[in-house]
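Beneath this line is the structure, given in C-alpha cells, with notes to follow.
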Amino acid sequence: MIYKLGELFCGPGGLAYGAVNSHSADPTYKIEHAWANDYDKDTCETYRHNICPDEPKTVYHADIRKFDFTKLGPIDALAFGFPCNDFSVVGEQKGMDGIYGPLYSYGIKALKHFQPSWFLAENVGGLRNANDGDAFKQILEDMRCAGYKLVPNLYKFEDYGIPQARHRIIIVGIRNDLDVEFKVPSTEAFRGIDNTCRNAIENPPIPENAFNNERTRQSATVIERLEHILPGQNAFTATLPEHLKLNITGARISQIYKRLDPDKPAYTVTGSGGGGTHMYHWDEPRALTNRERARLQTFPDTYEFIGSKESVRKQIGMAVPCQGAQIIFEGILNSFAGIDYPNIEANINE
C-alpha cells in the first residue's frame, strides 16, 4: 500500500523527508509525496528542491486562507504542522485569540474534504495550555468530528535519539471506519545513543564549503561576551563584567547568548536570531551556522535550503526533526500493515 501524502503548512520538508524515507517491516507499505502548501516562498523552494525536484508544480506557494485546496488531487494521508506562534511559550500566547491560532481549522477542512486514511498534526507543547486548555480541547474535538480516532502525545525528541531537546505535541488520527490502532513508538531502542550536540555537529566534520554553512559575523562585543559565558550558560547565569551585562528587565529568556553544552543534546532550535537568540557554539565564540543547526534537526548534509541566511535560519527553526518524524511515520505504516512494534502509553490523557 502506497499512501499519497498531502501537506498543509509544509515548512521546508522535515515531515516530508521523514515520511518518504520511512520504512515499514512490510516493504509494500510506503509514503509518497502528492502535494504541499506553504505561505513562505523560500520555504516552498526548499521543499521543491529536496522533496519533489521532478514535480515542482505540486508545491503551492499560497496563503492558506486564500488557497482552494479542494481542487487538488485525492490523498490517502495528510500532514499539517499548523502555525505555533500563538501557542508557543515564547511569545504572547494568544492561543485561539491570535492571528495564527485559528489556522488549524484549515487542516480540519482538509480532513473533511479528502477523508484520508490517516493524518499527522504537529504543534508546540504549549498548545495544551493555550486559552486555559480550551484551545487543545477544541482542536481535538474538531478532529474527532471530522471522523477520526486520535492518539495525541507529547514527544520529547531527545528521548528518540535526536540531538536536541525539542518537545512537540503530535496528534495521529486514524479514520473511524478503519480497524487500525496506532501506538506511540517506544524510546527504549534509543537509549545509549550518543545524541549530544557535539557528536551531531562534529561527527563527521562539516566541510568548510558545505551548503548553508556561512558563518555569522560577530561583533567584538559579542565575542568578548561569549568568552565569559561557559558551556550551558547564558547571558544571565554567567559572570559578566559590568560593560558586557545586558540591560534587560522583565522576562529573561534563557536562550539569550546561551552556549551549547557539548555533552548534552542541544536546546531547542528556533527560527529567531536577533538580540542574542542565535544558538552559540560551546567552544568557539560564535553563533552556529545554519548547517550546524540543520544537523541538530537531523537533516542530512545533502539537504539544501534555499534563500538568504536569515530565511534559512527561520526555515530550519520551524521544521520537525526528520529522524523524529520518520520514527512516527514508521509506527503508522506498521500499524496499517498489522505489524507489532515496541510501543509505550501515550502521555496525554484526554
Side-chain angles (χ1 to χ4, degrees), residues 2 5 7 10-24 27 30-36 38 40-59 61 79 81 120 122 157-158 160-164 166 190 193-216 260 265-266 269-271 273 278-279 281 287-330 333:
I2 297 177
L5 178 70
E7 272 197 88
C10 65
L15 279 175
Y17 190 85
V20 300
N21 285 282
S22 58
H23 306 281
S24 167
K30 301 177 181 178
I31 302 171
E32 288 185 354
H33 161 79
W35 49 257
D38 200 275
D40 183 78
K41 185 176 184 296
D42 289 344
T43 289
C44 289
E45 286 299 327
T46 294
Y47 192 105
R48 293 185 186 105
H49 181 68
N50 294 280
I51 302 299
C52 53
D54 298 328
E55 301 175 292
K57 292 184 178 179
T58 61
V59 181
H61 171 222
L120 183 153
E122 178 265 348
F157 281 115
E158 65 270 30
Y160 288 90
I162 307 304
Q164 176 193 171
R166 194 178 190 91
F190 304 95
I193 288 179
D194 186 350
N195 65 337
T196 61
C197 56
R198 183 204 301 271
N199 186 58
I201 290 173
E202 292 187 347
N203 186 24
I206 299 174
E208 285 291 328
N209 63 348
F211 208 78
N212 304 125
N213 202 40
E214 309 95 325
R215 294 201 177 190
T216 298
L260 296 174
V269 178
T270 68
H278 285 98
M279 304 188 80
H281 198 276
L288 296 188
T289 68
N290 279 326
R291 180 50 55 193
E292 290 169 330
R293 291 158 53 86
R295 279 202 174 183
L296 298 177
Q297 287 277 56
T298 63
F299 283 96
D301 289 350
T302 53
Y303 206 96
E304 299 180 341
F305 295 85
I306 308 302
S308 68
K309 187 170 64 174
E310 291 71 25
S311 171
V312 169
R313 183 181 66 239
K314 292 178 182 178
Q315 292 177 52
I316 294 170
M318 75 171 69
V320 176
C322 305
Q323 292 177 16
Q326 182 173 338
I327 291 165
I328 300 168
F329 281 120
E330 288 180 349
L333 290 178

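Note: hydrogens, waters and symmetry copies are ignored here, and every other heavy atom, side chains too, is used.
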Quiz prompt | Distance-minimising heavy-atom pair for Asp42 and Ser311 | solution = OD2-OG, 2.8 Å

Quiz item: About how many Å separate CD1 of Ile51 and SG of Cys44, when rounded to the nearest 0.5 Å?
Solution: 12.5 Å

Self-check item: Flag, side chain of Gln315 to backbone of Ile306, donor-acceptor distance under 3.5 Å
Solution: yes

Practice problem: Using atom types as modelled and distance alone, determine if a side-chain donor or acceptor of Thr298 lies under 3.5 Å from a backbone N or O of Gln323. | Solution: yes

Quiz item: What distance do Arg293 atom CZ and Asn213 atom CG have between them, rounded to the nearest 0.5 Å?
Solution: 12.5 Å

Exercise. Tell me yes or no: between the side chains of Asn290 and Arg313, is some donor less than 3.5 Å from an acceptor?
Key: no

Exercise. Please step through side-chain contact (heavy atoms from CB on, under 4.5 Å) for the pair His61 and Thr43, ending with a clear verdict.
Key: CA-CA 9 Å; His61 171 222; Thr43 289; over 6 Å; no

Exercise. Could you check if a side-chain atom of His281 sits within less than 4.5 angstrom of a side-chain atom of Leu260, using non-hydrogen atoms only?
Key: no

Quiz prompt | Under 3.5 Å: donor-acceptor pair, side chain of Arg166, backbone of Phe157 | solution = no

Self-check item: Expected output: side-chain Gln297 to main-chain Ile316 donor-acceptor under 3.5 Å
Solution: yes

Practice problem: State, to 0.1 Å, how close Ala325 and Gly18 come at their nearest heavy-atom pair, and which atoms those are. | Solution: CB-CA, 4.3 Å

Quiz item: Is a donor on one side and an acceptor on the other found under 3.5 Å between the side chain of Asn50 and the backbone of Glu304?
Solution: yes

Practice problem: For the pair Glu214 (side chain) and Lys309 (backbone), establish whether a donor and an acceptor sit closer than 3.5 Å, ignoring hydrogens and angles. | Solution: no

Quiz item: Backbone N or O of Ala266 within a donor-acceptor pair of the Gln164 side chain at under 3.5 Å?
Solution: no

Quiz item: If you take all heavy atoms of Ile31 and Ala19, which pair is closest and at what distance?
Solution: CB-O, 3.6 Å

Exercise. With rounding to the nearest 0.5 Å, note down the distance linking CZ in Phe329 to CG in Asn21.
Key: 11.0 Å

Self-check item: Salt-bridge criterion met for Arg48 and Glu45 (N-O under 4.0 Å)
Solution: yes

Quiz item: What's the shortest heavy-atom distance between Gly11 and Tyr47, and which atoms?
Solution: O-CD1, 3.6 Å

Exercise. Please step through side-chain contact (heavy atoms from CB on, under 4.5 Å) for the pair Arg215 and Glu292, ending with a clear verdict.
Key: CA-CA 10 Å; Arg215 294 201 177 190; Glu292 290 169 330; 5.6 Å; no

Quiz item: What distance do Thr46 atom OG1 and Lys41 atom NZ have between them, rounded to the nearest 0.5 Å?
Solution: 10.5 Å

Practice problem: Calculate, to the nearest 0.5 Å, the distance between atoms CD and CG belonging to Glu7 and Leu15 respectively. | Solution: 5.5 Å

Self-check item: Beyond-backbone contact of Cys197 with Leu296, side-chain heavy atoms, under 4.5 angstrom
Solution: yes

Quiz item: With a 4.5 Å heavy-atom cut-off, do Leu288 and Ile201 have their side chains touching?
Solution: yes

Quiz prompt | Contact summary for His49 and Pro53, nearest pair of heavy atoms | solution = O-CB, 3.9 Å

Practice problem: Could you tell me which residues satisfy side chain to side chain contact (heavy atoms under 4.5 Å, CB included) with Thr196, sequence neighbours excluded, listed by chain and number? | Solution: Asp194, Arg198, Asn199

Quiz item: Between Pro205 and Arg295, what is the shortest heavy-atom contact and its length?
Solution: O-NH2, 3.9 Å

Quiz item: Can you check whether Phe190 reaches Asn195 side chain to side chain, under 4.5 Å on heavy atoms?
Solution: no

Quiz prompt | ring pair (Phe, Tyr, Trp, His ring centres under 6.0 Å) partners for Tyr303, two or more places apart | solution = Tyr17, Phe299, Phe305

